[in-house]
Protein chains: 2
Amino acid sequence: MTNVPAKRNTRQKDAVRHALSEATGFVSAQQLHLVLRNHGSTIGLATVYRALADLAEAGEADSLQGASGESLYRACTTDHHHHLICRVCGLTLEIEAHRVETWADEVAAAHGFSSPSHTIDIFGVCAACRS
Amino acid sequence: MTNVPAKRNTRQKDAVRHALSEATGFVSAQQLHLVLRNHGSTIGLATVYRALADLAEAGEADSLQGASGESLYRACTTDHHHHLICRVCGLTLEIEAHRVETWADEVAAAHGFSSPSHTIDIFGVCAACRS
DNA sequence: ACTGTTATTGACAACGATTATCAATAGCGT
DNA sequence: ACGCTATTGATAATCGTTGTCAATAACAGT
């Protein structure tokens, strides 16, 4: 049997979870670390990275690659969805994409690919930033 | 007038262009640098990065973020398209996605977003790697 | 073809984001 | 409360990438 070490619930993982849910739009691990420190926490940077990786794996957070290559995270409802992101202010809307989900799976299947996954994100400039 | 310095054609930029066109699927700047050195070139790593950035900007190369966050490049025809990529062997197929292009633009417009762009990539395990 | 200007090169240092290390701490089952 | 061990936090190390700068080589003008 594959003996995976049991996960423990810690204050700092909760703190990250909470800080992430407070944040608007996507945040980097470093930003989150800074926020936590400013709120009086003594949490370490490495811990924030580990907590975010865990949350993402557990499906509690969405992750995507920012423009300059860093990983950005966002609290997330457990169902699958994609994002419409403002290039200027970072405003993020969750969009639902049945049509595209099935399209992606069809394309994969048509070419003999199995266990398909995909990355789909739409960027633009929101109405507010337009003016 | 915005006086942008003129670009020059150099052997090393051609070498990168050529090496990129020889490569199958996506390659990183470092891989390309290694290939060029193995072929006897004395090209510098920084030059490969610069050449790839230029090619990508000129529309001669596609770039996308690899699983571990690095930038990957691929020679590319000038028309817009997306990719179906094997997670195991890196086999890459260009796919055409009219349906999704228009969908993405519609979604952006519906939410008041202008100048829409998008990143759409499908990953899976190809038939060959399946066995 | 010769020359001068200056974009480009290549070796290396510097940088930012992330991950590994490791002793100290603190969850959780008993 | 006790003991085992997953987790923490400070720091060093790593990785991909970009900046620096003297030396080189493209191109325009002659």
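On a predicted model such as this, the values are computed, not experimentally measured, just so you know. First the proteins, then the strands, lettered A, B, ... as listed; each starts at 1.
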Whole angstrom is fine here: how far is it from [atom1] in [X] over to [atom2] in [N]?
X	N	atom1	atom2	result
A:I43	C:dA24	CD1	C1'	17 Å
A:L34	D:dG9	CG	P	15 Å
B:L52	D:dG16	CG	P	15 Å

Can you run down the salt bridge (Lys or Arg N to Asp or Glu O under 4.0 Å) pairs that involve residues 20-31 of chain B, sequence neighbours left out, and say none if there aren't any? none

I'd like to know whether A:V27 forms a side chain to side chain contact (heavy atoms under 4.5 Å, CB included) with A:V35, so could you lay out the CA-CA distance, the side-chain angles of the two residues, the decisive distance to 0.1 Å, and finally the verdict. CA-CA 10 Å; A:V27 265; A:V35 168; over 6 Å; no

[X]: which residues meet the side chain to side chain donor-acceptor pair (under 3.5 Å) condition with it, sequence neighbours left out?
X	value
A:R37	A:H33
B:H111	none
A:E106	none

Any Lys/Arg nitrogen of B:D14 or B:R17 sitting under 4.0 Å from an Asp/Glu carboxylate oxygen of the other? yes

Contacting residues from residues 8-23 of chain B, given that a heavy atom lies under 4.0 angstrom of DNA chain D: B:R8, B:N9, B:R11

Within the sub-3.5 Å range, which N or O atoms of nucleotides 15-19 of chain C have a protein N or O partner, and how far apart are they?
{"unit_1": "C:dT18", "atom_1": "OP1", "unit_2": "A:S71", "atom_2": "N", "d": "2.7"}
{"unit_1": "C:dT18", "atom_1": "OP2", "unit_2": "A:Y49", "atom_2": "OH", "d": "2.6"}

Phosphate oxygens OP1/OP2 of C:dT9: is one of them under 4.0 Å from a side-chain N or O of B:T47? no

In terms of ring plane angle, is the pair A:H82 and A:H118 parallel, tilted or perpendicular, where the classes change at 30° and 60°? tilted

May I ask you to check whether B:S68 and B:E70 show a side-chain donor-acceptor distance below 3.5 Å? yes

Side-chain donor or acceptor of B:R50 under 3.5 Å from a matching atom on the base of D:dG19? no

